[in-house]
Amino acid sequence: MNTRAEDGVYALRYATRDASVRGEHFYGHPEGCMDAWPIHYYMWAILRGKTVIVVDAGFTREEAARRGQRNYGKSPIDLLGSLGVEPHEVSHLILTHLHYDHTGFVGDFPAAKVHVQQAELDFWRSPMAKRGAYSHLVNSADLQQITRLEKDGRLSVVDGDFDLAQSVTVHLVGGHTAGTQVVRVATTEGPIVLASDASHFYENYENDKPYGVVHELSLMYTAFDKLHTLAEPDGTIVPGHDPSVPNRHIPMPELDEAITQLHPTANEENK
Ligand SMILES: [Zn+2]
C-alpha cells in the first residue's frame, strides 16, 4: 500500500486513443475534419483529509479490447492505488454522466455513495436509449450495476445542483447528455472546475465549439457559460478528454506518469 498523496485534485489518465480524427469530435463539419485528433481518457480524485471523492469510473480493459483502438494503461483502480487510495476508502463517487467511459468501475467502490442526476438516469432507462446512436455509448452491464446500487440504497439520485462535502459542489448542465453534471472544487487559491464531458477539449469551451456527441445543442453552449461562471475570476476549467491537461498542470511522475495534480493557476501560465 502506497502512502496517501497530499490533499489535492488529481487527473488520472487510464487510456488514450490516437487513431482518432478531428471530425469525430466537433459538432457539424469542422475544418480539418480528417486531421489527427488524439483523445485521452481520465477520471479524477479529490483528496481532502480522510474524505476521498472520485469523479467518474472510467472503462475497463475488457471494454477497451471490445471497442478496439484504445491503448489501455493502468486501470483507474491501480492509479488510485498510486495515490495511496484503496477502493473501500472512497466515500463518494460522482458520475458526471453514464457513457461507457465514465461508468466502468461503478461497482468497485464498496463504501462509496454514488451520485447521478435524475434526468440522466431517466434517459438511459427510456426506450430512446435503445436506439443505435445512443446505445453504443453505454455499457448495459454498468447500467444494471447502477440499478443494483440503487436497490442497495447506495445511489444518490439528484435533481439539479447540490453541495456534496468539503467545498465540493456539483452542477447540472446537460447538453452532452440529458443529465451531464460538472464538479467545482473550491480551494484557497481558486476553484478547480472538472468539466468532464461538458467540455471534452480546451477548444470546446475556449472557442465556443460544441462536441460532436450532442443531446441538446443549446444546453451545450449554456454549459460553456456555466463553466466560465463557476471558474472565474481565479479558477481553472479542466476538460474531460484533452491530452494537454498535463501540460497545463503539474505532472506527478513520482506517483505515476499518468497522474497530474490540478492547480487553479497553472492553467494560464502553461497555455
Ligand atoms: Zn467521456
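As the structure lists them, so they are numbered: ligands from 1, and atoms in each ligand from 1.
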The side-chain hydrogen bond (donor to acceptor under 3.5 Å, both in side chains) partners of S20 (sequence neighbours excluded) come to H25
Practice prompt. Would you check if there is a donor-acceptor pair between the side chains of H99 and D197 at a distance under 3.5 Å?
Written response: no
message = Centre-to-centre under 6.0 Å for H200 and H102, is that the case here?
response = no
The number of protein N, O or S atoms lying under 2.8 Å from the Zn ion (ligand 1) is 4
Rounded to the nearest 0.5 angstrom, the CD-OG1 distance for E89 and T51 is 11.5 Å
D208 meets the side-chain hydrogen bond (donor to acceptor under 3.5 Å, both in side chains) criterion, sequence neighbours left out, with none
In short, salt bridge (Lys or Arg N to Asp or Glu O under 4.0 Å) pairs touching residues 91-113 with sequence neighbours left out are none
